[in-house]
Amino acid sequence: MKAAIVLGTRPEIIKMSPLVRECAKRGAPYYILHTGQHYSHEMDRVFFDDLSLPEANYHLDVGSGTHGAQTAKILAGAEGVLMKDRPDIVLVQGDTNTVMAAALAASKLGIRIGHVEAGLRSHDRTMPEETNRVVADHISDQLYAPTEEARKNLAKEGIERGVYVTGNTIVDAVLENRKLAESRSRALENLGLKPREYVLATAHRQENVDSRERLANIIAALDAVGRETGLSVIFPAHPRTQARLQEFGLRPKVASVVQPFGFLDFLRMEAGARLLLTDSGGVQEEGCVLGVPCVTMRENTERPETVDVGANVLAGTDPERVMVAAWSMLNRRGGWKNPFGDGKAAARILDSAERGEGRFDNK
Ligand code: UD1
Ligand code: UDP
């Protein structure tokens with residue numbers, strides 16, 4: 001069985017890395033197709049280095065653009081590669097434009113698709129990611145649901161065959177890299193921070209940062225948390241967010257904006273944080289796995305398991321609500337059950353891919 005492992009953005013590189021490792025360990029044939037949706041050094045290269053990943057075999061170099069233009073470039077580019085080097089299965093991960101477009105290309109070519117992290121739903125169709133998830137799930141042959149909750153979401157949409165509850169590969173990636181992060185990263189020392197004496201914040205969702213009002217609220221919330229708790233607030237800003245901060249003329253007064261971290265630095269920063277403030281999907285999961293409490297600056301989450309176990313609260317972007325949530329979570333520390341699996345998701349996914357039983361009999 002030859003697999004095409006498709007990735008294009010920061011979280012896909014991180015969450016696909018355990019699958020690359022597992023293929024290499026088994027001697028299973030695979031290739032990496034990088035769409036180039038992310039391309040800046042700190043959003044791309046740094047993760048290949050930190051995670052010791054082999055170079056991508058194919059690179060589409062699509063870059064940034066409107067949703068339609070970017071999706072179209074990935075669709076055409078992925079089709080070209082898949083026609084030339086036809087795999088038995090195309091593995092995509094998550095909910096980005098890369099995922100939806102590559103899955104569509106494979107579907108039209110009659111190639112089997114395996115969707116890693118299938119079945120997540122925010123039930124919020126204003127999020128571009130929700131469209132990507134729904135489309136990818138409905139055309140996939142195998143659906144690797146990270147949790148029972150995700151499996152139930154798929155069942156509600158009539159998708160029952162080909163669904164495997166595997167755990168989330170983020171647990172594999174965290175467990176594989178945690179010790180390395182502790183020994184290699186100097187992030188805390190470089191910023192003059194002590195464990196538990198800072199809050200780590202991220203924000204990049206289109207619906208949050210492309211709105212001047214919501215981004216201004218987020219900045220006010222980070223400043224309020226810094227001012228009222230006396231803790232340092234470190235804000236590694238995604239390039240989309242950096243561009244909007246500049247465009248809207250916004251700048252935190254208390255929180256410190258820094259460049260995005262590589263994975264090892266970010267993992268160490270997360271593990272040492274008193275609290276995470278975020279709108280990221282991956283950061284909600286990692287906090288839950290690492291035992292670090294999280295306040296999510298959104299009204300909904302496709303990771304409700306984190307809220308159910310007590311690791312995360314939803315606060316939207318209103319500074320007062322964020323502040324109340326931050327006080328409620330500040331002194332929590334682990335003690336909850338990790339709902340995302342045991343770190344062996346990649347092995348289960350490859351077992352399923354190799355077994356080959358999927359939804360569509362005629363493929
Ligand atoms: C994308 C995904 C989102 C995911 C996020 C992970 C979609 C619809 N969105 O959002 O689900 O959570 O990646 O980080 O697929 N930019 C750079 N350098 C880069 C990449 C982006 O400067 O390497 C800037 C460009 O100004 C670009 C903007 O960031 O226009 C947004 O990039 P894009 O890939 O469109 O969306 P993300 O916000 O990164
Ligand atoms: N991350 C990182 N450096 C940073 C911020 C995030 O390495 O400065 C990692 C983080 O560990 C997580 C992933 O990026 O695994 C989350 O990506 P992002 O928030 O961009 O996207 P999402 O998970 O919301 O799709």
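For ligands, and for the atoms within them, numbers begin at 1 and follow the listed sequence. Here the structure is a predicted model, which is why all the values come from computation and not from measurement.
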Less than 4.0 Å from some atom of ligand 1, heavy atoms are found in residues T9, P11, Q37, H38, Y39, S40, M43, S64, H67, Q70, D95, T96, N97, E129, H204, R205, H238, P239, R240
Rounded to the nearest 0.5 Å, how far apart are CE of M297 and CG of L314?
12.0 Å
Are any of the heavy atoms in K15 under 4.0 Å away from ligand 2?
no
Taking heavy atoms and a distance under 4.0 Å, where does E129 meet ligand 2: side chain, backbone, both or neither?
neither
Which heavy atom in P260 sits nearest to a heavy atom in R10, and how many Å separate them?
CB-NH1, 3.8 Å
Hydrophobic cluster identity match, V199 and I234, side-chain contacts under 4.5 Å
no
Given 3.5 Å as the limit, does a donor-acceptor pair link the side chain of N177 with the main chain of A173, or not?
yes
Hey, is H204 touching ligand 2 through its side chain, its backbone, both or neither, going by heavy atoms under 4.0 Å?
side chain
For G262, is the nearest heavy atom under 4.0 Å from an atom of ligand 2?
yes
For ligand 2, which atoms sit closer than 4.0 Å to a heavy atom of P260?
8 (O)
Taking all non-hydrogen atoms of both residues into account, name the closest pair between L330 and R274 and its distance.
O-NE, 3.2 Å
Is the closest N or O pair between D279 and ligand 2 shorter than 3.5 Å?
no
Does an N or O anywhere in F261 fall below 3.5 Å from an N or O of ligand 2?
yes
With no hydrogens and no angle check, do the side chains of E129 and T96 hold a donor and an acceptor under 3.5 Å apart?
no
If you scan protein heavy atoms around atom 9 (C) of ligand 2, the nearest is I14 CD1, 3.6 Å
Students should be able to answer this: which protein heavy-atom is nearest to atom 1 (N) of ligand 2, and at what distance?
F266 CD2, 3.6 Å
Pair E189 + R268: basic N to acidic O under 4.0 Å:
yes
Please work out whether any backbone atom (N, CA, C, O) or any side-chain heavy atom from C-beta onward of S280 is under 4.0 Å from ligand 2, and answer side chain, backbone, both or neither.
both
Tightest non-hydrogen contact, residues I159 and D137, listed as CD1-O, 3.8 Å
How about D44 and H34: does a side-chain donor come under 3.5 Å of a side-chain acceptor?
yes
Does the N or O separation between R205 and ligand 2 drop below 3.5 Å for any pair?
yes
Residues in salt bridge (Lys or Arg N to Asp or Glu O under 4.0 Å) with E357, at least two apart?
none
Without hydrogens or angle criteria, can the side chains of Y144 and T169 be said to hold a donor-acceptor pair below 3.5 Å?
no
Any donor-acceptor pair under 3.5 Å linking the side chain of S211 with the backbone of N208?
no
Quick test: of every protein heavy atom, which one is nearest to atom 24 (O) of ligand 2, and how far off is it to 0.1 Å?
G281 N, 2.9 Å
When every non-hydrogen atom of I32 is compared with those of E55, the smallest separation belongs to CD1-O, 4.4 Å
Do me a favour and list the nearest non-hydrogen protein atom to atom 23 (O) of ligand 2 with residue, atom name and distance?
G282 N, 2.8 Å
At a non-hydrogen distance cut-off of under 4.0 Å, which region of F263 contacts ligand 2 (side chain, backbone, both, or neither)?
both
Can you check whether I170 has an N/O within less than 3.5 Å of an N/O in ligand 2?
no
Ignoring hydrogens and geometry beyond distance, is a side-chain donor-acceptor pair present between D85 and Y58 at under 3.5 Å?
yes
Identify which of R10, H238, E42 has a heavy atom lying nearest to atom 6 (C) of ligand 2.
R10
Measure the distance from atom 11 (O) of ligand 2 to every protein heavy atom, then report the residue, atom name and distance (to 0.1 Å) of the closest one.
E286 OE1, 2.8 Å
For atom 7 (O) of ligand 2, which protein heavy atom lies nearest, and how many Å away is it?
F47 CE2, 3.2 Å
Check: D141 main-chain N/O paired with R161 side-chain donor or acceptor under 3.5 Å
no
Name the closest protein heavy atom to atom 25 (O) of ligand 2, giving the residue it belongs to and the distance to 0.1 Å.
P11 CG, 3.6 Å
